[in-house]
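Both backbone and side-chain heavy atoms feed into the values below; hydrogens, waters and symmetry mates do not.
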Amino acid sequence: MSSTKLSDPFGARGTLETAGGKRIVYRLDCLEKKGVARLSRLPYSIRILLENLLRHCGGGQVSEEDVAALAAWNPKIP
């Protein structure tokens with residue numbers, strides 16, 4: 001990961017205690033709580049991509065609009 005400190009515009013960053021110590025995770029449920037996404041309608045593969053966007057959001061590579069666009073993914077729209 002780059003040395004650039006990423007912001008957390010959606011408040012998704014959290015920690016998870018593991019046997020190897022604390023790990024940073026990005027929780028998708030924060031998007032649902034903020035009305036950005038309905039996770040139950042998203043396929044697992046899109047959720048994985050969405051978590052990756054959250055991880056990189058705010059560092060200049062991924063914008064909040066990018067996250068919102070993927071969260072609104074619809075298979076019927078080309």
Side-chain angles (χ1 to χ4, degrees):
M1 188 167 136
S2 78
S3 60
T4 303
K5 181 169 172 54
L6 300 177
S7 65
D8 185 18
F10 292 99
R13 189 178 317 148
T15 57
L16 180 67
E17 191 67 43
T18 70
K22 287 186 178 183
R23 301 291 183 235
I24 295 174
V25 296
Y26 288 79
R27 302 188 185 281
L28 294 178
D29 64 337
C30 73
L31 295 176
E32 198 159 51
K33 291 175 186 172
K34 292 181 182 274
V36 177
R38 266 191 22 238
L39 298 176
S40 62
R41 70 168 195 80
L42 295 175
Y44 187 72
S45 58
I46 298 298
R47 292 181 203 190
I48 292 170
L49 293 172
L50 192 54
E51 186 273 339
N52 190 45
L53 286 183
L54 278 177
R55 186 173 296 278
H56 293 93
C57 186
Q61 292 180 309
V62 177
S63 70
E64 291 178 49
E65 291 80 17
D66 295 330
V67 173
L70 185 59
W73 177 83
N74 184 337
K76 296 178 182 176
I77 298 175

Gap separating the SG atom of C57 from the CD atom of E65, nearest 0.5 angstrom = 8.5 Å
Locate the shortest heavy-atom distance separating C30 from G11; write the atom from each residue and the value.
-> CB-O, 4.1 Å
When rounded to the nearest 0.5 Å, the distance separating OH of Y26 from CG of N52 is 10.5 Å
Gap between atom CG of L42 and atom CG of L49 - 0.5 Å precision = 10.5 Å
Evaluation steps, side-chain contact (heavy atoms from CB on, under 4.5 Å), between K22 and L16 | CA-CA 6 Å; K22 287 186 178 183; L16 180 67; over 6 Å; no
Identify whether V67 and L39 are in the same connected component of the hydrophobic contact network (ILVMFWY, side-chain heavy atoms under 4.5 Å).
-> yes
Salt bridge (charged side-chain N to carboxylate O under 4.0 Å, His left out) filter on E51, not counting sequence neighbours, yields R55
Value for CZ (R41) from CD1 (I46), rounded to nearest 0.5 Å, stands at 9.5 Å
Would you say E64 has more than 12 foreign heavy atoms packed within less than 6.0 Å of its CD?
-> yes
Verify same cluster id: W73, L50 (apolar side-chain graph, 4.5 Å) | yes
How many angstroms lie between atom CG of L54 and atom CG of D66, to the nearest 0.5 angstrom?
-> 11.0 Å
Look up atom NZ in K33 and atom CZ in F10, then write down how far apart they are to the nearest 0.5 Å.
-> 15.0 Å
Report whether V25 and V62 are members of the same hydrophobic cluster (ILVMFWY, side-chain heavy atoms less than 4.5 Å apart, transitive linking).
-> no
Report the C-alpha separation of T15 and R23 in whole Å, then their side-chain angles, then the decisive distance to 0.1 Å, and conclude whether the side-chain contact (heavy atoms from CB on, under 4.5 Å) test is met.
-> CA-CA 5 Å; T15 57; R23 301 291 183 235; over 6 Å; no
